[in-house]
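The structure under discussion appears below in the form of C-alpha cells.
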Amino acid sequence: MTTKPLIVSIPHNLGKAEAMRRLQAGVGKVHGQFGASLASLEENWNGDRMDFRVGALGQTITGHLDVADDAVNVEVQLPWVLALAAEKARNFIRKQGQLLLTKQ
C-alpha cells in the first residue's frame, strides 16, 4: 500500500551552489547524529537533485530533494505505517533541513 508523497519546502537565501555544498557536507553528520536509529542511508547526487533511501524502524523511506536558488524542495515516500505520523515527519524534515542550511 502506497501513500501520497510528503512534500516539504525549506526556504533559504544561500544561492543554489552554497545550499548544495552545505547539504552535501551535512548528510554525513545526519547519519552520525541518528546512526543508532538508521539501518542505512544512501544518497545519490545528480546535478542539483539528491535521491535518497533510508532504512529506519524496519521500514524503507525513499525520496529526493531538489536544490533551487531560494529553497530546497524535499519529496518523501513514506510507507503507510509511517504515513500516520506524516505531520511530525514534515516538521522533522523542515527542522533538520534548516539546521543543515544554517550550519557551516
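Please read all numbers here as calculations on a predicted model, not as lab measurements. Numbers for residues simply follow the sequence, beginning at 1.
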Result block: side-chain N/O donor-acceptor pairs under 3.5 angstrom for residues 5-15, not counting sequence neighbours:
from, atom 1, to, atom 2, distance (Å)
Ser9, OG, Asn73, OD1, 2.9
His12, ND1, Leu14, N, 3.1
His12, NE2, Ala68, O, 3.1
His12, NE2, Ala71, N, 3.2

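- Closest approach of Gly26 to Leu100, counting heavy atoms only: CA-CD2, 3.4 Å.
- Side-chain atoms of Asp66 and Val72, non-hydrogen and from C-beta on, never get closer than 4.5 Å to each other.
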With a 3.5 Å cut-off and sequence neighbours excluded, list the donor-acceptor pairs that the side chains of residues 44-57 form with protein atoms.
from, atom 1, to, atom 2, distance (Å)
Trp45, NE1, Glu43, OE1, 2.9
Asp48, OD2, Lys16, NZ, 2.9
Arg49, NE, Asp51, OD1, 3.3
Arg49, NH2, His64, ND1, 3.0
Arg49, NH2, His64, NE2, 3.4

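- For the atom pair CG (Leu99) and CZ (Arg22), the distance works out to 12.0 Å, reported to the nearest 0.5 Å.
- Summarising the geometry, atom OG1 belonging to Thr60 is positioned 12.0 Å from atom CG belonging to Leu78; distances are rounded to the nearest 0.5 Å.
- Within the structure, every pair that satisfies the side-chain hydrogen bond (donor to acceptor under 3.5 Å, both in side chains) test and touches residues 88-97, not counting sequence neighbours, is listed here: Glu87-Arg90.
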